[in-house]
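Okay, so here's the structure we're looking at.
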Amino acid sequence: MIQYFFNNVYVGIILYCGAITFGLLTASVLISNGVFIGYFATKMPLYSFLLLTLPHGIFEIPAIILAGSSGFIMFKFLIEFF
């Protein structure tokens with residue numbers, strides 16, 4: 001259980017620090033997560049998908065979106081600051 005927490009913290013840091021790469025790293029991580037979730041959703045019945053992803057995804061997906069938007073906001077700040 002603690003490994004999921006540290007993995008999500010790691011992904012959050014990567015998304016936030018993706019501003020250094022002009023937002024490209026942040027965008028690529030968000031796109032790859034979206035593609036993976038979409039592909040996974042098409043390969044199994046809806047009931048099974050919801051049963052497997054809802055308990056985990058209720059907290060993780062909004063956290064990933066929040067960290068990604070923070071990375072883009074940091075990129076915007078860096079552009080305006082320099």
Side-chain angles (χ1 to χ4, degrees):
M1 188 70 165
I2 194 85
Q3 65 203 23
Y4 292 124
F5 175 75
F6 284 121
N7 183 46
N8 290 336
V9 168
Y10 176 71
V11 170
I13 291 170
I14 296 252
L15 288 170
Y16 187 71
C17 293
I20 297 170
T21 62
F22 304 108
L24 294 174
L25 182 62
T26 301
S28 66
V29 170
L30 287 174
I31 289 169
S32 66
N33 276 321
V35 168
F36 176 76
I37 290 171
Y39 176 77
F40 187 64
T42 62
K43 295 301 177 184
M44 60 186 344
L46 180 62
Y47 174 75
S48 298
F49 175 74
L50 292 176
L51 187 66
L52 292 172
T53 57
L54 269 179
H56 181 74
I58 282 179
F59 299 108
E60 182 177 347
I61 293 173
I64 288 174
I65 293 170
L66 183 63
S69 63
S70 299
F72 288 131
I73 289 171
M74 176 61 79
F75 172 62
K76 181 180 174 187
F77 171 76
L78 291 174
I79 292 294
E80 292 174 358
F81 186 71
F82 293 113

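The figures that follow rest on heavy atoms only: side chains count, while hydrogens, waters and symmetry mates do not.
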Is there side-chain contact between Ser69 and Leu66, with heavy atoms separated by less than 4.5 Å?
yes
Ile64-Phe72 co-clustered via ILVMFWY side chain contacts under 4.5 Å
yes
Should Leu51 and Leu46 be counted in the same cluster of Ile, Leu, Val, Met, Phe, Trp and Tyr side chains packed under 4.5 Å apart?
no
Rounded to the nearest 0.5 angstrom, the OG1-CD1 distance for Thr42 and Ile37 is 12.5 Å
If you measure from CD1 on Ile73 to CG on Leu78, what distance do you get to the nearest 0.5 Å?
12.0 Å
Closest approach of Pro62 and Gly57, non-hydrogen atoms and distance?
CD-O, 3.5 Å
Are Leu30 and Val35 connected in the hydrophobic side-chain network, where two residues link if heavy atoms are under 4.5 Å apart?
no
Taking every heavy atom of Phe40 against every heavy atom of Thr53, the minimum-distance pair comes out as CE2-CG2, 4.1 Å
With the 4.5 Å side-chain cut-off for hydrophobic clustering, are Phe81 and Phe75 part of the same group?
no
Is it true that Leu52 and Phe59 fall in one hydrophobic cluster, defined by side-chain heavy atoms closer than 4.5 Å?
yes
Got a list of side-chain donor-acceptor pairs under 3.5 Å for residues 1-25, not counting sequence neighbours?
from, atom 1, to, atom 2, distance (Å)
Asn8, ND2, Tyr4, O, 3.2
Thr21, OG1, Gly18, O, 2.8
Thr21, OG1, Leu25, N, 3.1

